[in-house]
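These numbers come from a predicted model, not from an experiment. For reference, positions follow the sequence shown, starting with 1.
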Amino acid sequence: MTDTAAPLPAQLRHLIESDPAAARQAIDGLLLELHSLTTTATRTARKTGVNLEQAGRALRRVDGAVVLLHEAADLLLGALADTGRTRT
């Protein structure tokens, strides 16, 4: 397993190379966390004067980005996990 003190990109790189299925799960967790932070970010933005329409547009972009990143991870890491290959 990866060293918990290692920077996140290094941990992900290790997982991608050694266990693509585990890397997919880790990325899914990160994307879920990113999505869950939108509530806090929206509250902070509203305090600084961002109106609801602007906040809504930003939230839609975050939602769209999460979907795209999830699909990309499924395609890239799923192909590695399904074939048992690792990155060279």
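- Note that OG1 of Thr38 is 7.0 Å distant from CG of Asp63, once rounded to the nearest 0.5 Å.
- A salt bridge is defined here as a Lys NZ or Arg NE, NH1 or NH2 lying under 4.0 Å from an Asp or Glu carboxylate O, and Glu17 with Arg13 fails to meet this definition.
- Annotation: side chain of Arg43 is in contact with side chain of Thr40 (closest heavy-atom distance under 4.5 Å).
- The cluster map of Ile, Leu, Val, Met, Phe, Trp and Tyr, joined by side-chain heavy atoms under 4.5 Å apart, puts Val67 and Leu59 in different clusters.
- Rounded to the nearest 0.5 Å, atoms CD (Gln54) and CZ (Arg46) are 9.0 Å apart.
- Cluster membership check: Leu31 shares its hydrophobic cluster with Leu77, using side-chain heavy-atom separations under 4.5 Å among Ile, Leu, Val, Met, Phe, Trp and Tyr.
- From Leu15, atom CG reaches atom CZ of Arg24 across 13.5 Å, with rounding to the nearest 0.5 Å.
- Atom CG of Asp19 and atom CD of Gln25 lie 8.0 Å apart (nearest 0.5 Å).
- For the pair Leu69/Leu30, no side-chain contact is recorded, criterion being any heavy-atom separation below 4.5 Å from C-beta on.
- Taking CG from Asp74 and CG from Asp28, the interatomic distance works out to 6.5 Å, rounded to the nearest 0.5 Å.
- Atom CD of Glu33 sits about 4.5 Å away from atom CG of Leu37, to the nearest 0.5 Å.
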